[in-house]
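Presented below is the structure to which this report refers.
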Amino acid sequence: MTRGDGGDGAGTMSFDIDRARAQTPGCTERIHFNNCGAGLMPEPVIDSLKAHIDLEARIGGYEAAEAADDAVQGAYGAVAGMLNCTPREIAIVENATRGWDMAFYSFDFDPGDRILTCSAEYVSNYVAYLQMVRKTGAIIDIIPDDDHGAVDVDGLENMIDGRVKLIAITHVPTNGGLVNPAAEIGRVARAYGIPYLLDACQSAGQMPLDVEALNVDMLSATSRKYLRGPRGMGFLYVREALIAALEPPFVDLRATVWTAPQEYHLLDDARRFENWECNVAAKIAMGTAVNYALDWGLDAIEARIALLAGALRDGLASIPSVTLRDRGSRRCGIVSFTVANREPAAIVAGLKARGINLSISLATSTQLDMHARGLEALVRAGIHYYNTEEEIARFLEALGQVIRS
Ligand SMILES: Cc1ncc(COP(=O)(O)O)c(C=O)c1O
């Protein structure tokens with residue numbers, strides 16, 4: 001192990017930054033602080049993606065899938081290993097949203113059934129609630145925030161009654177560093193026997209996610225962000241005890257067996273939430289990405305990210321016109337901020353022109369939270385373990401130039 005880029009924290013000491021960067025071709029071209037949009041794929045992931053596409057080109061798509069079946073099954077094993085569950089409890093789907101949808105729309109809501117969610121809920125989940133409300137008369141209730149903007153777990157417990165059908169939370173919101181207390185929420189859900197669906201899209205790959213420790217019943221995530229896998233892939237975990245009770249909103253030849261002209265039966269594992277056609281190369285490569293993250297160690301990744309995101313927040317806090325916008329007492333690698341009298345889009349464009357990738361988070365992505373704070377848009381920097389303190393210094397220097405320009 002070589003020392004990293006100069007700090008003394010555990011996140012730097014234990015990390016072979018040179019290897020992480022050598023295996024990340026994108027590092028050489030730009031400063032990539034958009035891991036909350038899409039992380040840079042490391043070489044092993046790129047190689048497995050390309051190898052399967054090459055195989056498809058050589059021998060045919062169906063034949064390649066058959067030849068690569070061990071690697072395909074390995075992807076389920078990798079995701080299950082990361083989450084501490086069985087491969088039977090994993091569905092691999094196109095993205096986090098499709099996984100989340102397959103879980104959410106499997107519930108039958110009656111008028112008056114309550115969905116408890118959080119103020120940081122992600123757009124695609126919230127509009128699904130709105131649609132469900134419109135169609136069924138279910139009710140959305142927002143759990144109050146604690147003083148730091150995270151879910152207030154006591155407030156959640158006070159809301160529980162016999163009409164609560166589902167607790168559905170975003171673990172890390174798309175618009176900032178907040179980490180919601182997913183495990184404590186899970187303890188409440190478990191104590192009252194209420195199904196609990198966690199959107200772990202931004203947390204997967206940047207911190208450990210153990211479905212037993214979290215007490216979750218369903219969890220969705222994507223491949224392309226902190227897991228550093230390819231685009232167009234994601235997964236859904238559904239607890240074994242719940243699978244048989246959930247009838248997916250739509251079914252196909254993957255999810256079922258058509259047993260007689262007028263009969264079908266659903267698969268008894270989480271494959272019932274999948275559909276038949278899929279990007280096999282991306283599926284295999286997502287498995288590679290998960291194993292790659294596990295090789296680094298998710299505790300070590302989280303510590304390294306905390307070190308770098310802390311340094312970035314300190315640097316931003318020292319610029320008078322910058323306001324940090326992250327909420328939560330526990331924070332992760334997404335660092336959000338605004339600059340006085342500057343549009344976030346102009347800041348992002350100015351830094352892009354200087355070779356630095358950031359992104360913008362609009363109010364339409366997290367309407368409840370942004371509306372309550374009177375914010376239209378934020379600048380988002382999503383830091384990963386392969387970023388360095390030197391990159392943060394260069395970013396702060398470039399931001400100063402953009403602000404002065
Ligand atoms: C919190 C959160 N949930 C869900 C999603 C959707 O993920 P996907 O695009 O893989 O469906 C995002 C994407 O940014 C997100 O930030």
Side-chain angles (χ1 to χ4, degrees), residues 33-39 41 75 79 90-105 117-130 149-151 168-182 185 196-207 209 214 216 218-237 249 273-275 278-279 282-283 285-286 289-290 325-328 330-336 348 357-370 377-384:
F33 285 177
N34 192 16
N35 295 288
C36 47
M41 286 188 285
V79 175
I90 298 299
I92 296 185
V93 290
E94 302 90 303
N95 54 29
T97 303
R98 179 43 51 91
W100 188 96
D101 282 341
M102 293 302 279
F104 175 69
Y105 285 99
T117 189
C118 58
S119 63
E121 191 66 335
Y122 184 65
V123 47
S124 299
N125 309 345
Y126 204 84
V127 296
Y129 305 144
L130 291 174
V151 166
I169 304 289
T170 294
H171 195 190
V172 167
T174 204
N175 68 335
L178 167 77
V179 184
N180 266 320
I185 295 165
Y196 174 29
L197 169 58
L198 186 69
D199 175 344
C201 188
Q202 293 288 4
S203 49
Q206 66 162 323
M207 60 189 71
L209 291 176
L214 291 168
V216 293
M218 298 152 285
L219 179 152
S220 55
T222 209
S223 149
R224 73 180 181 282
K225 296 180 186 286
Y226 278 91
L227 276 172
R228 309 182 63 193
R231 297 195 64 172
M233 266 293 127
F235 59 85
L236 170 70
Y237 154 78
F273 303 105
E274 296 187 347
N275 65 71
C278 87
N279 184 337
K283 195 172 193 173
M286 179 171 75
V290 170
R325 299 292 183 177
D326 296 322
R327 308 190 84 193
R330 179 180 169 202
R331 293 174 181 175
C332 65
I334 305 180
V335 179
S336 61
V348 171
N357 295 346
L358 300 164
S359 50
I360 304 166
S361 195
L362 298 173
T364 45
S365 291
T366 41
Q367 189 71 254
L368 304 182
D369 171 53
M370 297 286 271
L378 296 167
V379 182
R380 271 191 328 178
I383 302 299
H384 219 321

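Treat the numbers as computed from the prediction; the structure is a model and nothing was measured. All ligand and atom numbering here is 1-based and tracks the order in the structure.
- Side-chain rings of Tyr126 and Trp100 stay apart, their centers remaining 6.0 Å or farther from each other.
- Judged by distance alone, the side chains of Asn95 and Thr222 never bring a donor and an acceptor atom under 3.5 Å apart.
- Without hydrogens or angle criteria, His384 side chain to Tyr226 main chain gives a donor-acceptor distance under 3.5 Å.
- At the shortest separation from atom 3 (N) of ligand 1 among protein heavy atoms lies Asp199 OD2, 2.6 Å.
- For Gln206 (side chain) and Cys332 (main-chain N/O), no donor-acceptor pair under 3.5 Å exists by modelled atom type.
- For the pair Asn180 (side chain) and Thr170 (backbone), a donor-acceptor distance under 3.5 Å is present.
- The shortest separation from a heavy atom of Asn125 to ligand 1 is not under 4.0 Å, leaving the residue out of contact.
- Ligand 1 has a nitrogen or oxygen under 3.5 angstrom from a nitrogen or oxygen of Thr97.
- Between the side chain of Ser203 and the main chain of Val172, no donor-acceptor pair closer than 3.5 Å is present.
- In terms of N/O distances under 3.5 Å, ligand 1 is not approached by Thr170.
- If you check which protein heavy atom lies closest to atom 16 (O) of ligand 1, you get Thr174 OG1, 2.8 Å.
- Applying the side chain to side chain contact (heavy atoms under 4.5 Å, CB included) test between Arg380 and each of Val335, Ile360, Thr174, Asn35 identifies Thr174 as the sole match.
- Closest heavy-atom approach to atom 9 (O) of ligand 1 among the candidates Arg224, Arg380, Glu121: Arg224.
- Protein heavy atom closest to atom 7 (O) of ligand 1, with residue, atom name and distance, is Cys201 SG, 3.3 Å.
- Side-chain N or O atoms of Gln202 include one that pairs as donor or acceptor with a backbone N or O of Cys36 at under 3.5 Å.
- Residue Val172 has at least one heavy-atom neighbour below 4.0 Å for each of these atoms of ligand 1: 1 (C).
- Atom 14 (O) of ligand 1 has as its closest protein heavy atom Lys225 NZ, 2.9 Å.
- Close approach to Thr222 involves these atoms of ligand 1, each under 4.0 Å from a residue heavy atom: 10 (O).
- At a 3.5 angstrom cut-off on N or O pairs, Ala96 counts as close to ligand 1.
- Protein heavy atom closest to atom 12 (C) of ligand 1, with residue, atom name and distance, is Tyr122 CZ, 3.4 Å.
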